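First up is the structure itself, then whatever we jot down about it.
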Amino acid sequence: MLDLKLMQSNPEAVRESLKKRSSKLDVQEFLTLDEKRKELIGQSEELKAERNRASGEIAQRKRNKEDASDLIKTMGEVSGRIKKLDAELSEVEAAEKEWLMAVPNIPHESVPFGASEDDNPVVRYWGEKPEMSFTPREHWDLGVELGGLDFERAAKLTGSRFVITRKWAARLERALATFMLDTHLDEHGYTEITPPFIVNRDTMTGTGQLPKFEEDLFKLRDTEYYLIPTAEVPLTNLHSGEVLEEDQLPMLLTAHTPCFRSEAGSYGKDTKGIIRLHQFMKVEMVNLAHPDHSYEALEKMTACAEKILQKLGLHYRVIELCTGDMGFSAAKTYDLEVWLPGQDKYREISSCSNCEDFQARRANIKFQPKGSKKKQFVHTLNGSGLAVGRTLVAVMENYQQEDGSIVVPVALRPYMGGLEIIKPE
RNA sequence: GGAGAAGUGGCCGAGCUGGCUGAAGGCGCACGCCUGCUAAGCGUGUAUAGGGGAAACUCUAUCGGGGGUUCAAAUCCCCCCUUCUCCGCCA
């Protein structure tokens, strides 16, 4: 949510931002509502002040055993008018809030302008594509052949876009998650959290999934509970409605959770393999940061995600999302795209964003600056560190050998009981 | 799931036979004063959001959340949430 004051004082900036994001929202619509709101508040509060005065007068008279029936009569009418005004006011406020909640964050000035993902500039590359003397295969081939991935039975148990990992794949997935968590804990100063995987409506609203993107979520029937699409949701909302001490910032949180996405509107996309599933595991990083340092923090968080890929020896590139491709809550986003030889493509494996105070305002997360009375909103950052399922794909495709076996990256071997190579049975 | 108790300001805790109570008192905190001493005392201040105002300031709302009764609600009524105790069930 944007600052109401910014909307009022500088609507041009918001109009500009919406244009860059090719949003159709009309700022004038909001300004009209806001005018109406102020007008109604003025009228209503004037009457309330009168009522409060009269109430004191009535109380006084009653204590003196005097008659107050005339005042009571006129106040009855006043109350009626207040009720009407307030009803009208809450309608206007609801419309205004709905509008405000639908506005995406304003891109940081450094974010390149662009219409779609095709306009995202590459910031840097790390490593090189692995040399292969044979035609690399795709992970679903390798996975099924090596008995690690089972799509058919997952479809039987549930439906499409689910997978069963077994044997080495199940363990490798667990190894990857543990390896990632250990790295963030021991080397990056994160605190591990295991949050609920089901959250309520307010929590989903705090990070921006609701009210606009309900169709992307799984909702539990007859409740206001939702399955989390990412641990960003519970982690960022962990301190919602709270005022933190300044020295608690930056607060670095990480969690390994399943993520559930309906993938509405992605029919036909990535239908093979485990790139796009309704349920996948992810290690997430969240930072509740001081507003003065949130952009350094974004660079650091991106580096933490990169560190995982580097330790695994996986070639990747960092791209910067352009204005037209950024998520709703983000002010600036870097995506990490790992090289997948089987698909002959770079694929997103992490996305690190600074949301500035956009989510903090929605979720009401503040801190008390030292030596200042005024509480301020924190800045929130989130990033995958990494998507575990996609990392499993990257390891399989990059470490495959001509005979269909897969070499276990050295960094993972301690987590795999020393296993060095995954071979056909 | 069943029965009961409770939810007040940063914290503790009054108020809850409706009325000048944004809310006594205490603690904590901030600033000032006093004091030549490892203590105490005194004074003032100490919420958030919104409206009006250049500002001083002023008005409105907020006593778990929502709705209702009333001229008027922290106080009465209804629904929901959370916590605690007992029973049942369970990992």
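Quick caveat: nothing in here was measured; it's all calculated off a predicted structure.
Between B/U48 and B/G43, the distance separating the two P atoms is 26 Å to the nearest Å. Comparing B/G10 with B/C89, their C1' atoms sit 40 Å apart, to the nearest whole Å. Comparing B/U8 with B/G32, their P atoms sit 34 Å apart, to the nearest whole Å. With both ends at atom P, the span from B/G41 to B/A47 equals 24 Å, rounded to whole Å. Between the P atoms of B/C16 and B/G66, the separation comes to 24 Å (whole Å). A gap of 11 Å separates the C1' atoms of B/U35 and B/C42, to the nearest Å. Separation of the P atoms belonging to B/G7 and B/A74 is 16 Å when rounded to the nearest angstrom. Separating the C1' atom of B/U83 from that of B/C31 is a span of 38 Å, rounded to the nearest Å.
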What are the atom names and distances for every N/O pair under 3.5 Å that joins the protein to nucleotides 45-50 of chain B?
unit_1 : atom_1 : unit_2   : atom_2 : d
B/U48  : OP1    : A/Lys375 : NZ     : 3.2
B/A49  : OP1    : A/Lys366 : NZ     : 3.0
B/G50  : N2     : A/Glu45  : OE1    : 3.1
B/G50  : N2     : A/Glu45  : OE2    : 3.4

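Closest non-hydrogen pair, A/Glu173 versus A/Thr165, comes out as OE1-OG1, 3.3 Å. Residue A/Ala175 comes nearest to A/Met416 through the heavy atom pair CB-SD, 3.7 Å, listed as atom of the first residue, atom of the second, then distance.
Counting only heavy atoms from C-beta outward, the side chains of A/Ser17 and A/Pro107 approach each other to under 4.5 Å.
Look at CD on A/Glu35: it is 13 Å from C1' on B/G52, rounded to the nearest Å. For the pair A/Gln43 CD and B/G52 P, the computed distance is 13 Å after rounding to whole Å. For A/Asn64 and B/G19, the CG to P distance is 16 Å, given to the nearest whole Å. Rounded to whole Å, atom P of B/G51 lies 17 Å from atom CG of A/Leu85. Atom NZ in A/Lys65 sits about 15 Å away from atom P in B/G19, given to the nearest Å. A/Glu50 places its CD atom 20 Å from the P atom of B/G52, with the value rounded to the nearest Å. Put simply, CD on A/Glu93 is 13 Å from P on B/G66, counting in whole angstrom units. Atom CG in A/Asp86 sits roughly 13 Å away from atom C1' in B/G51 (whole-Å rounding).
Searching all strands for a Watson-Crick or G-U wobble partner of B/U60 with both distances below 3.5 Å returns B/A49. Shown here, B/U69 forms no base pair; nothing in the strands shown gives a Watson-Crick or G-U wobble contact with both key distances under 3.5 Å. Across all strands shown, B/G18 forms no Watson-Crick or G-U wobble pair with both key distances under 3.5 Å. The base-pairing partner of B/U44, taking Watson-Crick or G-U wobble contacts with both distances under 3.5 Å, is B/A30. A 3.5 Å limit on both hydrogen-bonding distances identifies no Watson-Crick or G-U partner for B/A39. B/U75 is unpaired under the Watson-Crick or G-U wobble criterion, no partner having all donor-acceptor distances under 3.5 Å. Nucleotide B/A24 has no partner under the Watson-Crick or G-U criteria, as no pair reaches both atom distances under 3.5 Å. Pairing for B/G1 is with B/C87, a Watson-Crick or G-U wobble pair whose two hydrogen-bonding atom distances lie under 3.5 Å.
For CD of A/Glu299, the number of neighbouring non-hydrogen atoms (other residues, nucleotides, ligands) closer than 6.0 Å is greater than 12.
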Check against ring pair (Phe, Tyr, Trp, His ring centres under 6.0 Å), A/His379 and A/Tyr295 = CA-CA 10 Å; A/His379 280 192; A/Tyr295 278 94; 7.4 Å; no

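No donor-acceptor pair closer than 3.5 Å links the side chain of A/Gln368 to the backbone N or O of A/Glu245. Judged purely by atom type and a 3.5 angstrom limit, A/Asn200 uses its side chain to pair as donor or acceptor with the backbone of A/Asp202.
Each of A/Asn52 and A/Gly56 was matched to the nucleotide of RNA chain B holding its nearest heavy atom; the match closer to the 5' end belongs to A/Gly56.
Across all strands shown, A/Gln60 has heavy atoms under 4.0 Å from base atoms, whether or not it also approaches the sugar-phosphate.
Separation of the A/Phe213 and A/Phe328 ring centroids falls under the 6.0 Å cut-off. Checked against the 6.0 Å centroid criterion, the rings of A/His278 and A/Phe162 qualify as a close aromatic pair.
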With sugar-phosphate taken as primed atoms, P, OP1 and OP2 and all else as base, the protein-contact string of nucleotides 67-84 of chain B at under 4.0 Å (heavy atoms; B, S, -) is --S-BS------------

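Between A/Tyr190 and A/His188, the two ring planes are perpendicular [angle over 60°; tilted spans 30° to 60°].
For A/Arg81, the salt bridge (charged side-chain N to carboxylate O under 4.0 Å, His left out) criterion is met by no residue, not counting sequence neighbours.
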